[in-house]
Asker: 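Have a look at this one before I ask anything.
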Amino acid sequence: MPDLRTLPETLARRGDIVTPPMEAVVRRAHRARTRRMVRAGALVAVVALLAPTVADWVTDGERSSHVRLVDDDTTVGNADLEVLLPPPVPESLTMLGSVASGPVVSTAAEPPAPVGTPVLPEPPACAAGRNGGATDRGVTGDRIRVAMTETLEFPTRYATVRAADPVRRLFEEINLRGGICGRFLELQLRNTVWGPLPWDANGDVVAGLAGPLDPAVDTHILFGSVDREQVPLLGADGRIAAHHRSPWVWPVGPSTAGYTRIAVDHAYRAGARHFALVHDGGGPLGVEAAAAFTSYVQQLPGAEVTAVQPLHPDDDYTEEAARFHTKCLVVACDLVLHAMPAPMATKWLKALPTAAHMRLAMIPEQLSRDFWSDCPKDIALSRCSNLWAWSAAQWSIGSSMSAPALICEELDVDPETVAALVSACALVEALHRVGPHLTRDRLRNAIDEVTYQAGLVRPFRGDSRVPDERVGPSKARALKPLYSTTGEYLRLEEAGTGWVPDPLPNRYPN
Amino acid sequence: MGEDHSDFASWYSVAHPKVVTSLMLVTGDLYAAQEAADEAFARAYDRWRRVSEMASPTGWTYRVAFNVLRRKWQRAGLERKLLLRRPPESTIPAPAGETWEAVRGLPERQRTAVVLRFVADLTEAQVAATMGVSRSTVSSSLVAAKRSLGRMLADDGEATVEEADDA
């Protein structure tokens, strides 16, 4: 058993713990300082807005409008105040260590930013009537129109409805604050299936948001419609390489190749050495996963590819499953990665004789509750519950976003709908930075600026590799389903992997 | 206006692995520990003049990191009670596996005390300040933990309150 005192050094020497260089510490400290300045500025603005009203209330006493809003028979007592105060920290949170303040070690409260801290450049001053009017298609003096895709003909329509809610709330909050440069944000849901892209170059939207679980988005990207119309599209899931090659698409997550490397790398670091892959033999998701899988496993010392099983939608899978299972018995498969559409995965899991002693992981084509809830109850606890899904979309907005985009941190989302909100938040921030002279080209450049902080991936624009981190975050974390003892699907929860980085970011299959 | 950070780098290179390892052993999550530690060290850098004058900059940084983690969990809205019943699968690297298996069974106060004392290498007084408890509480926690962990804890040469009383 290792000596505790030398454990940190041992882990550092092995590379399990990596100490970032000083430059990274300095950079991070600067970003945090800037964030505090922005928040302080937003707070000052709010106080300034409320000050006259508060002053009226204080000085006018019973004659103030605020007192009149209160029912004559009602008094604001302690009970009401308690509702407004933040709740006490639940006892469960102290389970991992007390964090009470003490006389020697200070609290973690953040002091005011020191004098001389650089201030974020302010966007160009603008307001209604002073914003240049109709500066491009989809933009007028008082409107910015944004379209969000939806699929009316598919059962996944519910996902768009759910994702549109937080996006709509975000736009409403922005509009309540006067919009952006005096222009109000307008969100329109547009059907994408069985028809052309629901906007065009001469059309009436300045940008598009990809709704979740929209099967037509891939088609429009793959067939070049999005590039042809040259309207920025944010929020494609990023799982196929085409999402990353279109100069007009900003995906919310790594490619399938990235996900594959992340899942394999995580398992390898946990001790896995025998890897297997089951994939869609015909679709781009499965094909790209297979290429990245075999390439990356071969680079890992001591690791080997035990089995690779392509599947096709119309097959039975009984024979393939039996054969695969035999291979994974002879040489125990530590990780079995699945890269395929969800319905194919359900069919495969049913055909598999057993999944005991295997870690199952999945890069689902779409992260939909239907897959988990449709898992047959007789295999839910033994197989579906053992299946982790890797997902990259996250809603944590970066440190230098403007005050309106910080609203995003307050909105509730779930794994199915977070991508839409991430892209909407990035769009809002980009619109804020462009200012009054809003055009699609200027918007495109501004989106590029915010991609890394906002959780998007910047298009490659013909580069096969981007050398720096500005291409965007390339990490994912695993979610796992929770089932009741009777096999009823309850929800997805964090699998405890934390955010795992792509060991080879910016590498995409050809 | 700039702070003198000339001694920050040397402290940081030694303290960073200790803080990350300590957090990891308390939470079972290496990646979250790394992220929270990086944030805490950035704050330490920003406030170095004040932090460097504290009795334990490492203890301060550990607690800031733990608070970062706690706020992150609150914001993410995780099912905390569920986690208490079913702790997340750990991301502990192999060399720390045995240690993790040993300490995860300790009550939370003992685990924190052990980790801060023997991994972060703080004195008992510094551990007490970091945890916000009395020194005697730390001492008794360490004694109880030693009974459970046995030979894993090398003799540290520092008498605890109980041992001193017994002498």
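All chains are named by letter (A, B, ...) in the order of the sequence lines, taking the proteins before the strands, and each is independently numbered beginning at 1.
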Asker: Could you tell me whether Arg269(A) atom CZ has more than 12 heavy atoms of other residues or ligands within 6.0 Å of it?
Answerer: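 Counting neighbours around CZ of Arg269(A), 12 or fewer heavy atoms of other residues, nucleotides or ligands fall under 6.0 Å, so no.
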Asker: Who pairs with Arg28(A) by salt bridge (charged side-chain N to carboxylate O under 4.0 Å, His left out), at least two apart in sequence or on another chain?
Answerer: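 Glu35(B), Glu39(B).
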Asker: As an exercise, state the distance from CG of Leu7(A) to CE of Met24(B), rounded to the nearest 0.5 Å.
Answerer: 5.5 Å
Asker: Would you mind checking which part of Ile17(A) comes under 4.5 Å of any heavy atom in chain B, side chain (CB onward), backbone (N, CA, C, O), both or neither?
Answerer: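 Both parts, backbone and side chain.
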Asker: Do Lys18(B) and Arg5(A) touch side chain to side chain, with heavy atoms closer than 4.5 Å?
Answerer: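 Sidechains of Arg5(A) and Lys18(B): no contact.
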Asker: Tell me, for Val26(A) versus chain B, whether the close heavy atoms (under 4.5 Å) come from the side chain, the backbone, both or neither.
Answerer: both
Asker: Output all residues satisfying side chain to side chain contact (heavy atoms under 4.5 Å, CB included) with Ala36(B), sequence neighbours left out; order by chain, then residue number.
Answerer: Leu23(B), Ala65(B), Val68(B), Leu69(B)
Asker: Given that the side chain runs from C-beta out, which part of Thr19(A) has a heavy atom under 4.5 Å from chain B: side chain, backbone, both or neither?
Answerer: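 Both parts, backbone and side chain.
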Asker: With a 4.5 angstrom heavy-atom cut-off, could you sort out which part of Asp121(B) is near chain A: side chain, backbone, both or neither?
Answerer: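 Only the side chain of Asp121(B) comes within 4.5 Å of chain A.
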Asker: So do Val20(B) and Pro8(A) actually touch side chain to side chain, heavy atoms under 4.5 Å?
Answerer: no
Asker: Rounded to the nearest 0.5 Å, what separates atom OH in Tyr45(B) from atom CZ in Arg27(A)?
Answerer: 12.5 Å
Asker: Under a 4.5 Å heavy-atom cut-off, does chain A meet the side chain of Leu25(B), its backbone, both or neither?
Answerer: side chain
Asker: Quick one: what part of Ala12(A) sits under 4.5 Å from any heavy atom of chain B, side chain, backbone, both or neither?
Answerer: side chain
Asker: What's the shortest heavy-atom distance between Val25(A) and Phe41(B), and which atoms?
Answerer: CG1-O, 3.9 Å
